[in-house]
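Written out below as structure tokens is the structure these notes cover.
Just so it is clear, the structure is predicted and the values come from calculations on it, not from any experiment.
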Amino acid sequence: MGLRQLVYRLYARRLAASLPPSVVPRHVGVILDGNRRWARAYGAGAAEGHRAGADKILDFLGWCEDAGVERVTLWLLSTDNLSRPPQELTDLLEIIEDVVGRLAATRRWRVHPVGALDLLPAATARRLKEHEDSTRAVEGLHVNVAIGYGGRREIADAVRSLLHEQAQQGRSIEELAEILDVEHIAEHLYTRGQPDPDLVIRTSGEQRLSGFLLWQSAHSEFYFCEALWPDFRKVDFLRAMRSYSQRHRRFGA
């Protein structure tokens, strides 16, 4: 082991030991950004960057397990990404199918696709549902894989679902308007029944949400990291956790 690796491991242990176990985020959302820039920096194609990013996911989930995180939402493909060049999109969907299959095959994590799956190729949507079904009884870390996901689309879909439900119950728009509150919409989100994210991490240095969990992140803490996603290290994760532990969450109070 080289001196640099030794110093890195010692620093990571020190960081981990400094984290108070009572202040661990239950739910962590991640915007996995920077795969294509990573590929360009190494003179590789976009697909190689996406594969490197996919490999990082398994490491990341292991770190979350070690830290006591209960739920993770990974943004793998946005609705905007669906307009990318056909070959890149085909490669990306294949990589996503493969990595979600790998997550399911470990039997460590419960996989739950969130997003507008109807926008995906039918075969991709079917495989994602199969992986969800195969891990439904797994009691480990709950992993939402956001694929074909957009925050505005999610809210529109939730409102549409709510209107259909109320119409089936014979309630008019006017009657719904009289009783409508935020919980009515929350009950129709892709993540319905789940706790909102406590911490949202974005890699690659960008400091915006880009539509990620718009509704659910109203009270989330945010952590922006300069590292491109394939280069994201355990110490980067631990720094995010340390930053979260130092926040004073008041929820508007």
Derivation of the side-chain contact (heavy atoms from CB on, under 4.5 Å) call for Val143 and Thr135: CA-CA 10 Å; Val143 182; Thr135 61; over 6 Å; no
Audit row: Val111, Leu128, side-chain contact (heavy atoms from CB on, under 4.5 Å) steps and yes/no: CA-CA 9 Å; Val111 176; Leu128 293 175; over 6 Å; no
Check against side-chain contact (heavy atoms from CB on, under 4.5 Å), Arg102 and Leu58: CA-CA 9 Å; Arg102 288 158 62 191; Leu58 283 86; 3.8 Å; yes
side-chain contact (heavy atoms from CB on, under 4.5 Å) evaluation trace for Phe222 with Gln207: CA-CA 9 Å; Phe222 301 103; Gln207 298 190 23; over 6 Å; no
Criterion salt bridge (Lys or Arg N to Asp or Glu O under 4.0 Å) on Asp55 and Arg51, from CA distance to verdict: CA-CA 6 Å; Asp55 290 340; Arg51 290 191 185 95; over 6 Å; no
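Residues forming a side chain to side chain contact (heavy atoms under 4.5 Å, CB included) with Ala41 (at least two apart in sequence, or on another chain): none. Judged as a ring-ring contact (aromatic ring centres under 6.0 Å, His included), and not counting sequence neighbours, the contacts of Trp38 are Tyr42. By the ring-ring contact (aromatic ring centres under 6.0 Å, His included) test, His142 is found to be paired with His112, residues two or more places apart in sequence or in another chain being considered. A search for side chain to side chain contact (heavy atoms under 4.5 Å, CB included) contacts involving Asp59 returns Lys56, Trp63, not counting sequence neighbours. Residues passing the side chain to side chain donor-acceptor pair (under 3.5 Å) test with Gln194, sequence neighbours excluded: Arg71, Asn144. Taking Ser78 as the reference, Trp75, Asp80, Asn81 meet the side chain to side chain contact (heavy atoms under 4.5 Å, CB included) condition, with sequence neighbours excluded. Considering only residues two or more places apart in sequence or on other chains, Glu130 meets the side chain to side chain donor-acceptor pair (under 3.5 Å) condition with none of them. When the side chain to side chain donor-acceptor pair (under 3.5 Å) test is applied to Glu221, the partners found at least two apart in sequence or on another chain are Arg247.
Put simply, CZ on Arg36 and CG on Leu228 are 12.5 Å apart, with the number rounded to the nearest 0.5 Å. Leu93 CG to Arg84 CZ: the interatomic distance, rounded to the nearest 0.5 Å, is 11.0 Å. Taking CD from Gln166 and CG from Leu180, the interatomic distance works out to 8.5 Å, rounded to the nearest 0.5 Å. Of the inter-residue distances, the one linking Asp98 atom CG with His50 atom NE2 reads 14.0 Å to the nearest 0.5 angstrom. In this structure, the separation between CZ on Phe237 and SG on Cys225 is 12.0 Å, given to the nearest 0.5 Å. Remark: Cys64 SG to Glu70 CD distance equals 11.5 Å, nearest 0.5 Å.
Both Val114 and Phe212 are part of a single hydrophobic cluster, where members link through side-chain heavy atoms under 4.5 Å apart. Clustering ILVMFWY residues whenever any of their side-chain heavy atoms sit less than 4.5 angstrom apart, transitively, puts Val99 in the very cluster that holds Phe232. Val235 and Ile201 fall within a single hydrophobic cluster, where Ile, Leu, Val, Met, Phe, Trp and Tyr are joined by side-chain heavy atoms under 4.5 Å apart, directly or via other members. Leu238 and Leu10 fall into different hydrophobic clusters, where Ile, Leu, Val, Met, Phe, Trp and Tyr residues are linked whenever their side-chain heavy atoms come under 4.5 Å apart, directly or through other members. The same ILVMFWY cluster, assembled from side-chain heavy atoms under 4.5 Å apart, contains both Leu117 and Leu74.
Within the structure, salt bridge (charged side-chain N to carboxylate O under 4.0 Å, His left out) contacts touching residues 170-197 (residues at least two apart or in different chains) do not occur. Applying the ring-ring contact (aromatic ring centres under 6.0 Å, His included) rule to pairs touching residues 153-177 yields nothing, sequence neighbours excluded.
Contact between Gly53 and Asn35 at its shortest, heavy atoms only, is CA-OD1, 3.6 Å. Pairing each heavy atom of His188 with each of His184, the nearest pair is CD2-O, 3.1 Å. Closest approach of Gly62 to Arg108, counting heavy atoms only: CA-NH2, 4.0 Å. Nearest heavy-atom pair across Ser220 and Pro197 is OG-O, 2.6 Å. Ser134 and Ala104 make their closest contact through OG-CB, 4.0 Å (heavy atoms, listed as atom of the first residue, atom of the second, distance).
More than 12 heavy atoms of other residues, nucleotides or ligands lie within 6.0 Å of CD in Gln246, so this atom counts as buried by the packing criterion.
Checked against the 6.0 Å centroid threshold, Tyr223 and Tyr244 do not count as a close aromatic pair.
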Indicate every side-chain donor-acceptor pair of residues 17-32 with a distance under 3.5 Å to a residue at least two apart or in another chain.
| from | atom 1 | to | atom 2 | distance (Å) |
| --- | --- | --- | --- | --- |
| Ser18 | OG | Leu15 | O | 2.6 |
| His27 | ND1 | Pro195 | O | 2.8 |
| His27 | NE2 | Thr73 | OG1 | 2.8 |

Please list every donor-acceptor pair under 3.5 Å in which a side-chain atom of residues 146-159 meets a protein atom from a residue at least two apart or in another chain.
| from | atom 1 | to | atom 2 | distance (Å) |
| --- | --- | --- | --- | --- |
| Tyr149 | OH | Glu154 | OE1 | 2.5 |
| Tyr149 | OH | Leu213 | N | 3.1 |
| Arg153 | NE | Asp157 | OD1 | 3.2 |
| Arg153 | NE | Asp157 | OD2 | 3.2 |
| Arg153 | NH2 | Asp118 | OD2 | 3.3 |
| Glu154 | OE1 | Gln216 | NE2 | 3.3 |
| Glu154 | OE2 | Tyr190 | N | 3.0 |
| Glu154 | OE2 | Gln216 | NE2 | 3.0 |
| Asp157 | OD1 | Arg160 | NH1 | 2.6 |
| Asp157 | OD2 | Tyr190 | OH | 2.6 |

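In this structure, Leu76 and Leu92 have side chains that are not in contact, with every pair of non-hydrogen atoms separated by 4.5 Å or more. Residues Val138 and Arg107 form a side-chain contact, since some pair of their non-hydrogen atoms from C-beta on lies under 4.5 Å apart. Side-chain contact check for Arg239 versus Arg233: some heavy-atom pair is nearer than 4.5 Å. Arg127 is not listed as a side-chain neighbour of Val100, based on a closest heavy-atom distance of 4.5 Å or more. Residues Trp215 and Val182 have side chains in contact (heavy-atom distance under 4.5 Å, counting atoms from C-beta outward). Taking the side chain as every heavy atom from C-beta outward, Leu120 and Leu77 approach each other to under 4.5 Å.
Arg202 contributes a side-chain N or O that, together with a main-chain N or O of Arg208, makes up a donor-acceptor pair within less than 3.5 Å. Here the side chain of Thr203 pairs a donor or acceptor atom with the backbone of Asp33 at under 3.5 angstrom. Remark: side-chain polar atoms of Ser243 are not paired, donor with acceptor, to backbone N or O of Ala240 under 3.5 angstrom.
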